[in-house]
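Below is one structure; the comments refer to it alone.
Worth saying up front: this structure is predicted, and the values here are computed from it rather than measured.
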Protein chains: 2
Amino acid sequence: MNDTDTDFVVMAWRALLARHAEVSGVLERELSERHGLGVSEFEVLERLAEARSSCQEPGEAKFRVQGLADQVHLSQSALSRLIARLEREGLVARALCEADRRGVFVQLTEEGRRRHAEATPTHRAVLSAHLFPHLVDAGCAPPAEGTAPENAAPGSVRRGP
Amino acid sequence: MNDTDTDFVVMAWRALLARHAEVSGVLERELSERHGLGVSEFEVLERLAEARSSCQEPGEAKFRVQGLADQVHLSQSALSRLIARLEREGLVARALCEADRRGVFVQLTEEGRRRHAEATPTHRAVLSAHLFPHLVDAGCAPPAEGTAPENAAPGSVRRGP
DNA sequence: GCGCATTCAATGCACAAGCAATTAATGCGA
DNA sequence: TCGCATTAATTGCTTGTGCATTGAATGCGC
């Protein structure tokens, strides 16, 4: 690989780091102060909610801890504690797995479903506003309902009259 | 914004999270066990090294703490402690700023320059191998000198005979 | 039926990161 | 010159994360 390729990869990595820091920072702040949730917490709730909605029978949306950990890029121990936090808040419930009594099934409670539904618009709004900032300025994204991004310049082009 | 747009943004965000987790995980492991450096530590050393090399006079590569913090996406307190760690290892030196005695200049030591130079190939190799994995499999990237990515399938296409 | 390696989740421990409070130095205005 | 707001960096405290370990349960071989 030549120097140009290397520079390109490094630049790409820095851009990735910058975008990750920016978006996850705003997301953390917004989700935390508006809904009392962290980014990882929301992510876990979302996986559980998705599984539930893609499943006909209610009460089927169960997940093993390790399975969730893989999806949200956390270690098994981190997820164990995260689940404990969510359980303390009443957003999820642990259920013994009878087939394999080492395993634990995690599922959303009604309260958990509600909190996730409440937080989703904020989550989407932050992503729309900050993930592709250039699109926002070009008028390709909505005015971010649910948040008021402070970095939107006063004269920036928006959709509408 | 319609559902399709929203889904796209969410998918893009998840892809970003996945790539960030993957690459920074491997990078952390490799840099740590081969050179005793964390990702953030390396990033700071790199900024200092770049500033030095782009500067004619030796000894001019000084940085304010806050300036470094912005570049590596850390809070000033985090960077303050990180600098302290690097200083304890003898990789950087704090220098009082005489013009403004609140400020602190941070600069690389010779040992710091050496460690950064040693670690750079590992850093670049990990990025090349993991940042754009599909390019690696397509033979557009080198066989990642310095690391042996375990997730390269035995039969995957590589450059060479 | 009895070990024994394996697997799943929880816990002890160490550490890095952020927020808030603190200390030190600057510069501006009365 | 004397406050006083402002800025830079450090420190106290809390929290989330990963690694390694532990404890429980499984199933495979004999």
Side-chain angles (χ1 to χ4, degrees), chain A residues 17 20-33 36-45 62-89 91-107, chain B residues 17 20-33 36-45 62-89 91-107:
Chain A
L17 284 177
H20 177 268
E22 166 35 86
V23 178
S24 65
V26 178
L27 209 49
E28 186 75 40
R29 223 179 345 272
E30 293 288 327
L31 285 177
S32 170
E33 73 185 35
L37 291 172
V39 174
S40 299
E41 270 103 330
F42 178 85
E43 217 73 30
V44 168
L45 292 183
K62 297 167 176 175
F63 262 95
R64 310 297 288 258
V65 172
Q66 187 60 56
L68 282 168
D70 294 341
Q71 291 204 33
V72 299
H73 316 295
L74 282 180
S75 68
Q76 179 267 323
S77 66
L79 199 72
S80 179
R81 296 178 213 267
L82 194 153
I83 297 294
R85 264 175 277 152
L86 290 178
E87 192 180 34
R88 232 176 287 130
E89 289 200 62
L91 305 183
V92 305
R94 281 184 171 96
L96 286 188
C97 170
E98 309 171 12
D100 182 346
R101 291 166 56 183
R102 295 167 299 183
V104 169
F105 279 142
V106 182
Q107 51 187 336
Chain B
L17 284 176
H20 177 267
E22 224 250 91
V23 178
S24 64
V26 179
L27 210 48
E28 185 75 40
R29 224 182 342 277
E30 293 288 328
L31 285 177
S32 168
E33 73 185 33
L37 290 173
V39 175
S40 299
E41 268 101 331
F42 178 85
E43 215 74 30
V44 168
L45 290 183
K62 298 168 175 175
F63 261 95
R64 307 297 288 257
V65 172
Q66 185 61 54
L68 283 168
D70 294 341
Q71 291 203 34
V72 298
H73 315 296
L74 285 178
S75 67
Q76 81 276 55
S77 66
L79 200 70
S80 179
R81 294 179 216 267
L82 195 153
I83 296 295
R85 261 176 281 152
L86 290 179
E87 193 179 33
R88 230 177 288 130
E89 289 201 63
L91 306 183
V92 303
R94 281 182 171 97
L96 285 188
C97 169
E98 309 172 13
D100 182 348
R101 292 167 55 184
R102 294 169 300 184
V104 169
F105 279 141
V106 183
Q107 51 186 336

Next on the checklist: Test side chain to side chain contact (heavy atoms under 4.5 Å, CB included) on A:Arg94 and A:Phe105; report intermediate values, then the result.
Outcome noted: CA-CA 6 Å; A:Arg94 281 184 171 96; A:Phe105 279 142; over 6 Å; no
Item to check | salt bridge (Lys or Arg N to Asp or Glu O under 4.0 Å) involving A:Asp100 - partner list, sequence neighbours excluded | outcome: A:Arg102
Item to check | salt bridge (Lys or Arg N to Asp or Glu O under 4.0 Å) against A:Arg101, all qualifying residues, sequence neighbours excluded | outcome: none
[N] [atom2] sits how many Å from [X] [atom1], rounded?
| X | N | atom1 | atom2 | answer |
| --- | --- | --- | --- | --- |
| A:Glu89 | D:dT15 | CD | C1' | 14 Å |
| B:Leu96 | D:dA9 | CG | C1' | 12 Å |
| B:Leu17 | D:dT17 | CG | P | 13 Å |
| B:Glu33 | D:dC19 | CD | P | 11 Å |

I need the [X] [atom1] to [Y] [atom2] distance, nearest 0.5 Å.
| X | Y | atom1 | atom2 | value |
| --- | --- | --- | --- | --- |
| B:Glu41 | B:Leu86 | CD | CG | 5.5 Å |
| A:Arg81 | A:Leu74 | CZ | CG | 12.0 Å |
| B:Leu68 | B:Gln76 | CG | CD | 12.5 Å |
| B:Gln66 | B:Ser80 | CD | OG | 11.0 Å |
| B:Leu37 | B:Arg85 | CG | CZ | 11.0 Å |
| A:Leu79 | A:Phe63 | CG | CZ | 11.0 Å |

Checklist entry - Reckon A:Ser75 has a side-chain N or O less than 4.0 Å from the OP1 or OP2 of D:dA20? => result no
Next on the checklist: Side-chain N or O of B:Arg64 versus OP1/OP2 of D:dA9: is the shortest distance under 4.0 Å?
Outcome noted: yes
Item to check | Bounds of contact between DNA chain C and chain A, in 5' to 3' order, using a heavy-atom cut-off under 4.0 Å | outcome: C:dT7 to C:dC13
Checklist entry - Would the number of heavy atoms belonging to other residues, nucleotides or ligands and lying under 6.0 Å from CD of A:Glu98 be above 12? => result no
Using the 3.5 Å cut-off, write out each protein N or O paired with an N or O of nucleotides 10-13 of chain D and the distance between them.
from   : atom 1 : to      : atom 2 : distance (Å)
D:dT10 : OP1    : B:Arg94 : NE     : 2.6
D:dT10 : OP1    : B:Arg94 : NH2    : 3.0
D:dT10 : OP2    : B:Ser80 : OG     : 2.7
D:dT10 : O5'    : B:Ser80 : OG     : 3.2
D:dG12 : N7     : B:Arg81 : NH2    : 3.3
D:dG12 : O6     : B:Arg81 : NH2    : 2.3
D:dC13 : N4     : B:Arg81 : NH2    : 3.4

Kindly give the atom pairs (protein nitrogen or oxygen, nucleotide nitrogen or oxygen) under 3.5 Å for nucleotides 24-28 of chain D.
from   : atom 1 : to       : atom 2 : distance (Å)
D:dT26 : OP1    : A:Arg101 : N      : 3.3

Item to check | For A:His73, all residues meeting ring pair (Phe, Tyr, Trp, His ring centres under 6.0 Å), sequence neighbours excluded | outcome: none
